[in-house]
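Structure, as structure tokens:
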2 protein chains.
Amino acid sequence: MIDNINRRILKALQKNARISYAELGKQVHLSAPAVAERIRKLEQEGVISGYCVSVDMDKLGLPVVAIVQCKVFRAMERQFKELLLTIPDIIECYNTTGEQAFVIKMATASMARLDEILEQFGDMSDTNTMMILSTPVHRALPDTFFDSAV
Amino acid sequence: MIDNINRRILKALQKNARISYAELGKQVHLSAPAVAERIRKLEQEGVISGYCVSVDMDKLGLPVVAIVQCKVFRAMERQFKELLLTIPDIIECYNTTGEQAFVIKMATASMARLDEILEQFGDMSDTNTMMILSTPVHRALPDTFFDSAV
DNA sequence: TATGAAAAAAGACAGGG
DNA sequence: CCCTGTCTTTTTTCATA
């Protein structure tokens, strides 16, 4: 059940997923057990699928972050999917509409490593590589979701 | 300092950011306070930039998730950036290399709403819209990061 | 730095409205 | 569906190696 209170709980969790139930309770004017119970239900229903950590790629020695769009050649989709499984540099992968299209986000240690991967992709697809210069927005939920919340 | 223990802490946090320090300690064979201290430092150094919640867009009534690539017309970049600020449906936005290129991920309530946004983009850019069919991979860190961990 | 113990806080679980 | 208390676990702080 997604009422205003759950919307505000999700908003707070989006900002800091390690916040305590007591602190969440203060923000939504509910007791800690009431908040815990709501979150438990959201998890059980699959509305909340997990909690993850956000990291700084530069500080972890993975400064080359790129988005690669692959238009996989006909009849090579199966092979391409197998190739994807062998590339540990991938952090996001989307299967999209369009001509056998994949959008892949990678974080690599160097341009040389990125190039190595792109060569492999090149055997099975037309690739379009975009280096990420900056990330103005990155959040779990769009602001539209909170528009109706008080 | 990114040693093997911190790598394993980050790996565990990636899987579940709400895990307790005691449980983390078990996994990396360290006491809870030792783990807490390491995490505090990672946060302070900015290696860990935050903790977020993962949600199911379908269950939240935002079933239309798309990636839009925008090649902004010359001299319209400033206007385009201003337009972006007015669109609350955006969940990710990347400024990339290429001809004034942006890659934008949106979650909207309906195709009609997506179309409405694309029309606005169309005034200032050439757009290429890809509907996300599935998301085989979505994680904070690439597997390469853990390759050297014991 | 890492550890270990004690104080403080948070979470889980009752009974009751 | 929520609140308040109690009990347990976890977190934090501090002293020590």
Side-chain angles (χ1 to χ4, degrees), chain A residues 1-62 139-141 145-150, chain B residues 1-56 58-62 140-141 145-150:
Chain A
M1 184 248 318
I2 305 296
D3 59 3
N4 273 354
I5 292 177
N6 278 353
R7 254 184 268 268
R8 288 166 63 192
I9 287 173
L10 287 171
K11 188 174 191 171
L13 283 175
Q14 173 176 243
K15 197 188 284 179
N16 175 18
R18 276 183 80 85
I19 190 174
S20 73
Y21 295 143
E23 182 54 40
L24 266 171
K26 270 187 206 167
Q27 292 186 26
V28 303
H29 307 297
L30 237 58
S31 70
V35 170
E37 174 69 3
R38 278 171 173 267
I39 290 179
R40 196 190 57 73
K41 274 188 195 164
L42 290 172
E43 287 170 353
Q44 198 177 311
E45 291 164 4
V47 175
I48 291 175
S49 55
Y51 305 95
C52 57
V53 64
S54 303
V55 296
D56 184 316
M57 292 300 178
D58 283 334
K59 292 189 171 139
L60 291 175
L62 300 165
R139 55 183 158 224
L141 281 160
F145 182 69
F146 306 114
D147 282 354
S148 52
V150 181
Chain B
M1 185 248 319
I2 303 298
D3 58 4
N4 273 354
I5 293 178
N6 278 353
R7 254 184 266 269
R8 288 165 64 193
I9 287 173
L10 286 171
K11 188 173 190 171
L13 283 175
Q14 172 175 245
K15 198 188 284 180
N16 176 17
R18 276 183 80 86
I19 191 175
S20 74
Y21 295 141
E23 182 55 38
L24 267 170
K26 271 187 206 167
Q27 292 185 26
V28 303
H29 307 295
L30 236 58
S31 69
V35 170
E37 173 69 2
R38 278 169 174 267
I39 291 179
R40 194 190 58 74
K41 275 189 193 163
L42 290 172
E43 288 170 352
Q44 198 176 309
E45 291 164 3
V47 175
I48 292 176
S49 57
Y51 305 94
C52 56
V53 64
S54 303
V55 296
D56 185 316
D58 283 334
K59 293 191 171 136
L60 291 175
L62 300 165
L141 282 160
F145 182 69
F146 306 113
D147 282 354
S148 51
V150 182

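Naming convention: chains lettered A, B, ... in sequence-line order (proteins, then strands); numbering from 1 in each chain.
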* **Helix axis bend for the helix from C:dT1-D:dA17 to C:dG17-D:dC1 - C1'-based end axes, five pairs, 10° rounding** =>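 Angle reported: 30°, given to the nearest ten degrees.
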* To do: Enumerate the residues from residues 27-44 of chain A whose closest heavy atom to DNA chain D is under 4.0 Å, giving them by residue number; use none for an empty result.
  =>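 Residues of residues 27-44 of chain A that come under 4.0 Å of DNA chain D are, in numerical order, A:L30, A:S31, A:P33, A:A34, A:R38, A:K41.
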* Taking B:S49 for its side chain and A:S54 for its backbone only, find out whether a donor-acceptor pair lies under 3.5 Å. =>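 A pair under 3.5 Å: yes.
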* To do: Sort out for me which residue in B:L141, B:D147, B:I2 forms a side-chain contact (heavy atoms from CB on, under 4.5 Å) with B:R7.
  =>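 By the side-chain contact (heavy atoms from CB on, under 4.5 Å) criterion, B:R7 pairs with just one of B:L141, B:D147, B:I2: B:I2.
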Would you give me the side-chain donor-acceptor pairs under 3.5 Å for residues 21-28 of chain B, sequence neighbours excluded?
none

* Measure the spacing between CG of B:D56 and CG of A:L42 and express it to the nearest 0.5 Å. =>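 One finds 11.5 Å between CG of B:D56 and CG of A:L42.
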* If you measure from CG on A:L60 to CD1 on B:I48, what distance do you get to the nearest 0.5 Å? ->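 One finds 9.0 Å between CG of A:L60 and CD1 of B:I48.
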* Asked: Is there a side-chain contact between A:L13 and A:I39 (heavy atoms, below 4.5 Å)?
  ->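 A:L13 vs A:I39: side chains touch.
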* Residue pairs involving residues 10-20 of chain A (criterion salt bridge (charged side-chain N to carboxylate O under 4.0 Å, His left out); sequence neighbours excluded) ->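 Salt bridge (charged side-chain N to carboxylate O under 4.0 Å, His left out) check on residues 10-20 of chain A returns no pairs.
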* To do: Only counting residues at least two apart or in another chain, list the ones meeting side-chain contact (heavy atoms from CB on, under 4.5 Å) with A:S31.
  =>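 A:S31 satisfies side-chain contact (heavy atoms from CB on, under 4.5 Å) with A:P33, A:A34 only.
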* **Pairs involving residues 35-45 of chain A, ordered by first then second residue, that meet side chain to side chain donor-acceptor pair (under 3.5 Å) (sequence neighbours left out)** =>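 Qualifying pairs, neighbours excluded: A:D3-A:R38, A:N6-A:R38, A:E37-A:R40, A:R40-A:Q44, A:E43-A:Y51.
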* Asked: Of the residues in residues 13-26 of chain A, which ones touch DNA chain C at a heavy-atom distance under 4.0 Å?
  ->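 Those residues are A:S20, A:Y21, A:A22.
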* What heavy-atom pair brings B:A140 and A:V55 nearest, and what distance separates the two atoms? ->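 Nearest pair, atom of B:A140 first, then A:V55: O-CG2, 4.0 Å.
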